[in-house]
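Note sheet for the following structure.
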Amino acid sequence: MKQIIVLAVAASLFAGGAFAQSGQVPDNLEKLSGFKTTGVTEFTFIEQGGDYAAGIERTLERIKMPDGFKIELYAVVPDARHMAVGPQGIVTFVGTRKDKVWSVTDRNKDRVADEVKDFAPSLTFSIPNGPCFSKDGFLYIAEQNRVLLFPAAEFFYESPDVAAFNLVAKGDLIPPEEESFNHTARVCRIGPDGKIYISLGQPFNVAPAEKMDLYNEWGIGGMIRLNLDGTGREVYTYGIRNSVGHDFHPATGELWFTDNQVDGMGDDIPPGELNRQTAAGQNFGHPWYGGGDTRTNEYKSEEPPAGTVMPVVATVAHAADLGMHFYTGRMFPEKYKHAIFSAQHGSWNRTTPVGARVMVTFIDEQGNAAMEPFAEGWLDEPTGEYLGRPVDVAQLPDGSILVSDDLAGALYRISYAK
């Protein structure tokens with residue numbers, strides 16, 4: 001009954017124009033928006049187990065964590081990026097930087113996925129990196145230049161045809177002429193105010209001055225927020241280079257986010273960032289700062305904006321801090337309540353590689369934060385070879401956490417037992 005009500009409400013909203021579709025309608029989206037079939041019947045299923053999975057499991061034997069924690073292979077998921085766990089705990093949706101979104105299901109609840117298949121195969125996705133859920137079960141997927149909405153996706157993912165609508169039509173998230181292959185992995189999260197927050201990385205190493213007015217207008221190199229019917233777009237955050245992870249503090253409601261900083265300044269500068277935003281419209285320093293308080297060469301003679309907010313934590317340079325999640329479960333020891341688990345993807349051009357680990361950040365009552373390694377071993381330090389590259393962290397209903405890895409193409413489950 002809930003599914004029928006949700007779809008009826010969605011149909012009413014869309015028929016009334018609350019989610020107006022502008023621009024060219026992509027293939028099959030118009031049919032799905034009208035609750036029509038497309039004729040697509042086949043899924044792509046990913047084998048679980050076998051030699052490939054066994055190789056990943058051997059890598060996991062070398063991962064070091066605090067006493068009592070255990071890491072296991074949860075699912076083989078090609079190109080796994082950001083994750084959204086359904087509110088009912090039925091399915092986890094996993095984005096990629098390619099053209100697939102995967103649905104991952106643990107049907108027998110043994111804490112290992114039984115099935116991985118592509119979601120909505122009748123649609124053509126473009127860098128669908130960022131899925132997120134609202135509390136009432138609406139799935140949003142932030143793509144390179146579009147945001148799609150799937151009412152009741154957790155209940156209807158079994159079909160290749162699912163109700164799908166534009167929240168932000170293709171070409172309306174950013175100007176089409178600003179589309180780039182660089183820094184286009186969007187992420188989204190529903191805030192405590194009931195709005196959707198979407199990060200928009202800017203495509204340059206250091207944003208050029210002639211682009212700044214346009215970028216500030218659109219929220220490129222920042223974060224935007226919208227009502228859940230697609231209206232009321234506003235720029236919430238300025239001065240970000242490329243944030244690919246954010247979440248809201250469970251107690252204060254404040255926005256925290258990671259940011260990846262300027263390349264080409266050396267192995268050890270500038271640092272990466274974990275930031276805390278306390279009010280709308282704050283500026284976090286790019287392009288005047290390359291990361292932390294390190295000034296960029298391009299803007300070193302210019303005065304930064306007044307009130308520029310410095311990071312709460314300056315992280316290891318070029319470790320590529322990505323997805324993050326505030327822990328709210330009951331499985332882990334009490335010290336981890338409201339701590340941040342975050343993924344360091346690993347450096348791509350540092351002389352000596354760093355990162356490829358899961359970090360934990362503890363926050364005191366004054367908002368001060370201290371970050372330390374939590375799970376590491378995906379970087380073979382003697383050779384500098386990456387055996388895995390963590391991307392995102394999500395929480396399952398039982399209080400365990402999932403970690404995605406786009407190099408190995410996998411999700412890992414970390415649990416705790418005394």
Side-chain angles (χ1 to χ4, degrees), residues 26-29 31-32 38-50 52-53 56 73-86 90-106 113-133 138-150 153-154 156-168 170 173 179-188 198 201 244-245 322-323 343 345 388-394 402-412:
D27 291 345
N28 289 328
L29 181 57
K31 289 183 178 180
L32 296 180
T38 65
V40 174
T41 59
E42 294 186 358
F43 287 99
T44 299
F45 290 88
I46 302 302
E47 179 185 358
Q48 303 298 302
Y52 188 83
I56 295 174
L73 177 62
Y74 183 77
V76 176
V77 184
D79 311 303
R81 294 282 295 181
H82 283 68
M83 301 172 286
V85 178
I90 296 171
V91 60
T92 296
F93 293 92
V94 184
T96 71
R97 288 199 298 182
K98 296 184 178 178
D99 60 0
K100 291 285 189 185
V101 175
W102 301 103
S103 60
V104 180
T105 309
D106 172 18
D114 308 298
E115 180 184 87
V116 176
K117 65 183 181 183
D118 52 343
F119 171 65
S122 61
L123 284 176
T124 301
F125 293 102
S126 178
I127 315 180
N129 181 83
C132 61
F133 264 106
F138 283 51
L139 174 67
Y140 300 82
I141 296 179
E143 297 183 89
Q144 178 187 37
N145 199 359
R146 178 175 66 171
V147 183
L148 292 177
L149 165 62
F150 301 86
E154 196 175 11
F156 291 101
Y157 77 98
E158 295 282 21
S159 170
D161 293 329
V162 295
F165 304 90
N166 275 321
L167 184 77
V168 181
K170 187 172 179 61
L173 188 60
E179 290 183 8
S180 169
F181 63 84
N182 200 33
H183 299 166
T184 54
R186 319 297 186 198
V187 295
C188 65
I198 304 167
V244 197
L322 299 184
H345 195 227
R389 300 190 75 184
V391 175
D392 192 25
V393 180
L402 295 178
V403 177
S404 61
D405 180 338
D406 65 350
L407 176 61
L411 303 187
Y412 312 123

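Predicted model only: the values in this text are computed from it and were never measured.
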(message) Using the rule given for side chain to side chain contact (heavy atoms under 4.5 Å, CB included), can you reason through Val147 versus Ile198, listing the C-alpha separation, both sets of side-chain angles and the distance that settles it, and then say yes or no?
(response) CA-CA 9 Å; Val147 183; Ile198 304 167; 3.7 Å; yes
(message) To check you understand the geometry: which heavy-atom pair defines the closest contact between Cys188 and Gly130, and what is its length?
(response) SG-O, 3.4 Å
(request) Look at the side chain of Glu115 and the backbone N and O of Ala113, then say whether any donor-acceptor pair between them is shorter than 3.5 Å. (result) no
(request) For residues Leu402 and Thr92, determine if any side-chain heavy atom of one lies less than 4.5 Å from a side-chain heavy atom of the other. (result) yes
(request) May I ask you to check whether Asn28 and Ser122 show a side-chain donor-acceptor distance below 3.5 Å? (result) no
(message) Any non-hydrogen side-chain atom of Leu32 less than 4.5 Å from a side-chain atom of Thr38?
(response) yes
(message) Test your reading of the model: is there a side-chain donor-acceptor pair from Gln144 to the backbone of Ser180, 3.5 Å cut-off?
(response) yes
(request) Could you tell me whether the side chain of Leu173 reaches within less than 4.5 Å of the side chain of Arg146, counting heavy atoms only? (result) no
(message) Keeping Glu154 on the side-chain end and Ile90 on the backbone end, is there a donor-acceptor pair under 3.5 Å?
(response) yes
(request) To the nearest 0.5 angstrom, please state how far the CZ atom of Arg186 sits from the SG atom of Cys132. (result) 14.0 Å
(request) Evaluate side chain to side chain contact (heavy atoms under 4.5 Å, CB included) for Leu149 paired with Asn166, printing each intermediate quantity in order. (result) CA-CA 6 Å; Leu149 165 62; Asn166 275 321; over 6 Å; no
(request) Verify side chain to side chain contact (heavy atoms under 4.5 Å, CB included) between Val77 and Ile46, making sure each step is shown before the conclusion. (result) CA-CA 7 Å; Val77 184; Ile46 302 302; over 6 Å; no
(message) Are the side chains of Val403 and Asp392 in contact, using a 4.5 Å heavy-atom criterion?
(response) no
(request) Examine distances only and state if a side-chain atom of Asp118 and a backbone atom of Phe43 form a donor-acceptor pair shorter than 3.5 Å. (result) no
(request) Supply the atom-to-atom distance Phe156 CZ to Leu139 CG, rounded to the nearest 0.5 angstrom. (result) 14.0 Å
(request) Would you indicate whether the side-chain heavy atoms of Glu143 and Leu148 approach each other to under 4.5 Å? (result) yes
(request) Would you mind telling me which of Tyr140, Phe119, Tyr157 makes a ring-ring contact (aromatic ring centres under 6.0 Å, His included) with Phe150? (result) Phe119
(request) Can you measure from CG (Leu123) to NZ (Lys100) and round to the nearest 0.5 angstrom? (result) 11.0 Å
(request) Please confirm whether the backbone N or O of Leu322 pairs with a side-chain atom of His82, one donor and one acceptor, at under 3.5 Å? (result) no
(message) Could you check whether any side-chain heavy atom of Val94 comes within less than 4.5 Å of a side-chain heavy atom of Val101, counting everything from C-beta outward?
(response) no
(request) Search all heavy atoms of Ala410 against all heavy atoms of Leu73 and return the closest pair with its distance. (result) CB-CD1, 3.8 Å
(message) Within the 4.5 Å heavy-atom criterion, are Asp114 and Gln48 side-chain neighbours or not?
(response) no
(message) Return the OH to CD distance between Tyr52 and Glu47, rounded to the nearest 0.5 Å.
(response) 11.5 Å
(request) Could you tell me which non-hydrogen atom of Gly39 sits nearest to which non-hydrogen atom of Asp161, and how far apart they are? (result) N-OD2, 4.3 Å
(request) Check for a donor-acceptor pair, side chain of Asp79 on one end and backbone N or O of Thr96 on the other, with a separation under 3.5 Å. (result) no
(request) Consider only side-chain N and O atoms of Asn129 and Arg81, and report whether a donor and an acceptor are under 3.5 Å apart. (result) yes
(request) Kindly say whether Ala80 contributes a backbone atom to a donor-acceptor pair with the side chain of Trp102 at under 3.5 angstrom? (result) no
(message) Checking Asp405 now: which residues fulfil side chain to side chain donor-acceptor pair (under 3.5 Å) with it, not counting sequence neighbours?
(response) Tyr412
(request) Please state whether the rings of Phe133 and Phe93 are parallel, tilted or perpendicular, taking 30° and 60° as the class boundaries. (result) tilted
(request) Would you kindly check if the NZ (Lys) or CZ (Arg) of Lys117 is within the cone defined by 45 degrees around the ring axis of Phe45 and under 6.0 Å from the six-membered ring centre? (result) no
(request) Would you indicate whether the side-chain heavy atoms of His345 and Leu407 approach each other to under 4.5 Å? (result) no
